Structures are given as structure tokens and as C-alpha cells.
*Asks:* 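Take a look at this one; I'll ask things after.
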Amino acid sequence: MGVYARRPPRPNMLQRTLTVYIRQHCHLCTEMARALVPYQQRFALSFEFVDVDEDPVLCARYGEKVPVLADGEQEICQFFLSDQALVEHLGTPVRAPASVSGAPRNERIHAIARQIPKGRVATYGQLAAIEGRSTARMVGNAMAALPAGSDVPWQRVLNSRGMLSPRSGGGGTSEQKRALMAEGVLFDRRDRVDFAVVGWSGPEPQWLADNDCHHTPPAGVSRGKH
DNA sequence: TAAGTGACTTTTC
DNA sequence: AGAAAAGCCACTT
């Protein structure tokens with residue numbers, strides 16, 4: 001028992017549950033757990049502590065970068081508790097975005113892409129399947145239609161091989177790779193990402209329902225060698 | 001209308 | 001493994 005003992009993973013309407021990725025015998029993890037205590041009551045939070053060593057995927061994803069404080073798919077801070085990041089995150093809660101159900105195709109695709117968390121990637125085909133009435137090529141076209149400076153995280157959309165898709169103009173992919181690496185996404189020797197590590201599992205079920213989208217298997221499944 | 005063109009994916013060599 | 005070909009579908013010319 002120790003600092004991780006209190007753990008009511010029991011989400012309800014009034015209480016938000018944040019996830020803390022930790023590993024045993026980690027000093028920073030202990031410190032973050034302690035630092036979170038005051039916030040527990042102040043914001044009606046509960047915490048779920050997850051030992052990354054118990055899940056190979058989490059272990060690969062976070063490696064030595066623990067602890068990480070997250071709200072669902074969204075990472076809030078790592079190593080140390082950031083009061084600014086946490087308060088800011090909690091201060092912009094459950095902003096119920098207007099549903100894009102029935103919106104034009106590109107608008108729906110962009111809305112889905114905005115759901116991809118920092119540090120994760122999706123494929124064109126995956127977004128198409130989530131949207132429901134689009135093909136991967138249409139998703140590519142929707143990304144190409146994005147104006148510069150858009151708030152859509154277009155860099156997180158890759159092709160089915162986990163690589164950056166070359167543009168007709170030629171350039172653009174180096175900026176994409178740079179942006180992804182800045183988010184902690186790793187590329188192998190052949191410039192491919194590992195979907196098992198950074199692949200996105202799709203929007204939350206509630207979001208899918210609100211926006212008339214579909215649950216689909218994450219990218220990279222059934223692509224592995226048996 | 002027909003033909004050409006993608007920030008795609010899958011199948012075939 | 002990697003390249004080429006074939007499907008693909010909305011848009012543009």
C-alpha cells in the first residue's frame with residue numbers, strides 16, 4: 001500500500017477520473033501521486049494508477065517517460081505535475097462541440113481528425129471507416145484541402161503502411177515528420193511508425209454516437225505477421 | 001460526357 | 001521486402 005492505494009476507478013457524472021501511468025519503484029511517480037492529492041477534492045477527481053509494466057503496449061508507448069498524467073487519450077503532463085497544465089485542462093471541460101452529424105464530408109473528416117490525441121496517429125482508411133461514407137482517398141483529399149494554420153492535426157494522419165504519404169507538390173512531409181517527432185512519435189529506419197505503439201484506437205464511444213460515426217478496429221490490426 | 005488526377009489501399013509479382 | 005498494377009470515387013477539365 002502506499003501512495004497508490006487510494007484508487008477508486010469508479011467514474012460517475014460528478015467525478016472525473018484521470019489516469020496516471022506509473023511504474024513501481026519510481027520516485028517521480030510517487031511524487032506525482034502525492035502532488036495530486038490536493039486536486040482530488042478541489043476538482044472532484046479520482047485517479048486510476050496504471051502500471052505500464054503490466055501492458056507491453058503501454059510499456060512501449062511510455063518507456064521510461066513515466067509518470068504521465070492523462071485524461072482518457074489526452075496527455076496532460078509527464079514527469080512532474082504541472083499545475084498550469086492540469087488547471088487549464090480541467091478548466092476547459094466537456095465542451096460539447098456541435099455535432100457534425102449531417103455536416104459536409106470534409107467537415108466531418110476534419111472533426112474526426114481533431115479527435116486524434118497528441119502523440120498518436122491514424123490512417124486515412126481508418127478515418128474513412130469512422131466517417132462511414134468516405135474512402136481513404138477522400139480523406140486524403142480532405143487533408144489536402146486544409147488551409148495553412150488549420151487547427152486540424154493533419155500530421156497525425158498516415159497511410160496504411162505507417163508512412164508519410166508524399167504530396168503531389170513534392171514537399172511537406174519533412175514538416176510532418178518533424179511535427180510528429182516533436183510529439184514523441186518515433187520512426188524506424190525505413191521511416192515507418194509502429195501502430196502497436198502510437199496507433200489511435202478511435203474516438204470515444206460517446207463522441208461516435210453524438211456525431212453519427214462508427215467504431216472501427218484501429219490501424220495496423222491484422223497487419224502484423226501472424 | 002470522357003478522361004485525367006489525387007496527402008489511398010490491397011493484391012500480385 | 002519492395003515495386004507495380006489494379007481498384008477506387010469524387011472532382012476537375
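Keep in mind that this is a model prediction, so the values were computed, not measured. Lettering follows sequence order; numbering is per chain, from 1.
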*Asks:* Quick check on salt bridge (charged side-chain N to carboxylate O under 4.0 Å, His left out): which of A:Asp51, A:Asp53, A:Asp55 does A:Arg23 satisfy it with?
*Replies:*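 Per the salt bridge (charged side-chain N to carboxylate O under 4.0 Å, His left out) rule, the option paired with A:Arg23 is A:Asp53, out of A:Asp51, A:Asp53, A:Asp55.
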*Asks:* When you measure from the side chain of A:Trp154, which nucleotide among B:dG6, B:dA7, B:dT9 comes out closest?
*Replies:*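 Selected nucleotide (nearest to the side chain): B:dA7.
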*Asks:* Closest to the A:Asn141 side chain: B:dG6, B:dA7, B:dT9?
*Replies:*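 The answer is B:dG6, which lies nearest to the side chain.
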*Asks:* Provide, to the nearest angstrom, the distance between the CZ atom belonging to A:Arg192 and the C1' atom belonging to C:dG2.
*Replies:*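 Distance check: A:Arg192 CZ to C:dG2 C1' gives 10 Å.
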*Asks:* Please report, rounded to the nearest Å, how far the P atom of B:dA7 is from the CD1 atom of A:Ile112.
*Replies:*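 Those two atoms, CD1 and P, are 20 Å apart.
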*Asks:* For the side chain of A:Thr135, counting heavy atoms from C-beta on, which of B:dC8, C:dC9, B:dG6 is nearest?
*Replies:*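 Among the listed nucleotides, the one closest to the side chain of A:Thr135 is C:dC9.
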*Asks:* Cut-off 3.5 Å, side chains only: do A:Tyr39 and A:Asp83 have a donor facing an acceptor?
*Replies:*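 Indeed, the side chains of A:Tyr39 and A:Asp83 share at least one donor-acceptor pair under 3.5 Å.
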*Asks:* Considering only side-chain heavy atoms of A:Thr123, which listed nucleotide, B:dT9, C:dG2, C:dC9, is closest?
*Replies:*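 When the side chain of A:Thr123 is considered, B:dT9 is the closest of B:dT9, C:dG2, C:dC9.
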*Asks:* Atom CG of A:Leu158 to atom P of B:dA7: distance rounded to whole Å?
*Replies:*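 To the nearest whole Å, that distance equals 15 Å.
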*Asks:* Need one value for A:Arg133: base, sugar-phosphate or nothing, where a base atom within 4.0 Å counts as base even if backbone is also close, heavy atoms only.
*Replies:*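 Counting heavy atoms under 4.0 Å across all strands, no contact is made by A:Arg133.
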*Asks:* To the nearest 0.5 Å, what is the distance between NZ on A:Lys177 and CG on A:Leu164?
*Replies:*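 Rounded to the nearest 0.5 Å, the NZ-CG separation comes to 7.5 Å.
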*Asks:* Within this structure, what is the CG-to-P distance between A:Leu146 and B:dA7, rounded to whole angstrom?
*Replies:*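 Those two atoms, CG and P, are 13 Å apart.
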*Asks:* To the nearest Å, give me how far apart CG (A:Leu127) and P (B:dA7) are.
*Replies:*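 In whole Å, B:dA7 P lies 16 Å from A:Leu127 CG.
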*Asks:* Out of B:dA7, B:dC8, C:dA10, which nucleotide sits closest to the side chain of A:Ser168?
*Replies:*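 Nearest to the side chain of A:Ser168 among the choices is B:dA7.
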*Asks:* Taking 4.0 angstrom as the limit, do A:Glu183 and A:Arg156 come out as a salt bridge?
*Replies:*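 Yes, A:Glu183 and A:Arg156 are salt-bridged.
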*Asks:* Round to a whole Å and report the spacing from CZ of A:Arg189 to C1' of C:dA1.
*Replies:*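 So the two atoms are 17 Å apart, to the nearest Å.
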*Asks:* Please measure how far the C1' atom in C:dC8 lies from the corresponding atom in B:dG6, and state the result in whole Å.
*Replies:*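 Approximately 11 Å lies between the C1' atom of C:dC8 and that of B:dG6.
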*Asks:* Name the closest nucleotide to the A:Ser160 side chain, picking from B:dT10, C:dG2, C:dA10.
*Replies:*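 Nearest nucleotide to the side chain: B:dT10.
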*Asks:* Would you mind reading off the distance between A:Arg161 atom CZ and B:dA7 atom C1', rounded to a whole angstrom?
*Replies:*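 In whole Å, B:dA7 C1' lies 14 Å from A:Arg161 CZ.
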*Asks:* Side chain of A:Met138 only, please: which of B:dG6, B:dT9, C:dC9 is the nearest?
*Replies:*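 Closest nucleotide among those given: C:dC9.
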*Asks:* Quick one: closest heavy-atom pair of A:Gly119 and A:Val185, and the distance?
*Replies:*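 Scanning both residues completely, I find the closest heavy atoms to be O-CG2, 3.6 Å.
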*Asks:* Which nucleotide in the set B:dT9, C:dC8, B:dA7 lies at the smallest distance from any side-chain heavy atom of A:Asn159?
*Replies:*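 Nucleotide nearest to A:Asn159's side chain: B:dT9.
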*Asks:* Can you tell me the distance, in whole Å, between the CD atom of A:Gln126 and the P atom of B:dT10?
*Replies:*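 The answer, rounded to whole Å, is 12 Å.
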